[in-house]
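Here the structure is laid out as structure tokens; the discussion comes afterwards.
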Amino acid sequence: MSSELPERVDPFGLCDAAQSFEGRLKLADLPRLASTLAAPDGDVGYRIDCDRDEQRRPRIRGTADAQLVVTCQRCMGPMQLPVSVAFQLGIVTSEEQAAQLPDAYDPLLLEEPRLRLASVIEDELILALPVAPLHPAEDCREDPADWSMSEIEPETALQRENPFAVLADLKGSKKDD
Ligand SMILES: [Zn+2]
């Protein structure tokens, strides 16, 4: 067990040697993830196990847990988002190999011989982020009911066509034919 993630490694070598890693990474060191956060504070706890399965397929299994601060898409305020992921990746070097992986695996397509394990953890956390995070209604600074009413100007509301009026027009025009 190692607590330091190697910067760039040969993933097949790691799997052959059945290497495991456990430790914490600063969110600030995961720039693609950090750029989506309201504040790149804190860290992520991870565990990674590299080995080969019964079919000698190289795989990376792991978990990552972080308390992220994202932006609520309703009130645009900061929001604590606990994220916990577990993954099982089959290492492949082509789309064809990826297609042959059993369902239990997600493909990790190697684009270069060396792999940055921190990027693997970063990718998994990014995939786990909701597209539009929202505070629970009772915690949100904006009350969605107030918000939708205040957004509509009184005149606009009056000018909105009544859908039943449209139906009535259609019926009326049919009669004219
Ligand atoms: Zn909110």
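Counting starts at 1 for both ligands and their atoms, in listed order. Quick caveat: nothing in here was measured; it's all calculated off a predicted structure.
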Lys/Arg-Asp/Glu bridge criterion (N-O < 4.0 Å) met for Asp10, Arg114:
no
I'd like to know if the side chain of Glu122 and the backbone of Leu33 have a donor-acceptor N/O pair within less than 3.5 Å.
yes
Tell me yes or no: between the side chains of Tyr105 and Asp53, is some donor less than 3.5 Å from an acceptor?
yes
His135 side chain to Pro78 backbone, donor-acceptor under 3.5 Å:
yes
Looking at Thr71, is its backbone amide N or carbonyl O close enough to the side chain of Gln73 to form a donor-acceptor pair, meaning the two atoms are under 3.5 Å apart?
yes
Any idea how many protein N, O or S atoms are nearer than 2.8 Å to the Zn ion (ligand 1)?
4
Are any of the side-chain nitrogens in Asp49 or Arg61 under 4.0 Å away from the carboxylate oxygens of its partner?
no
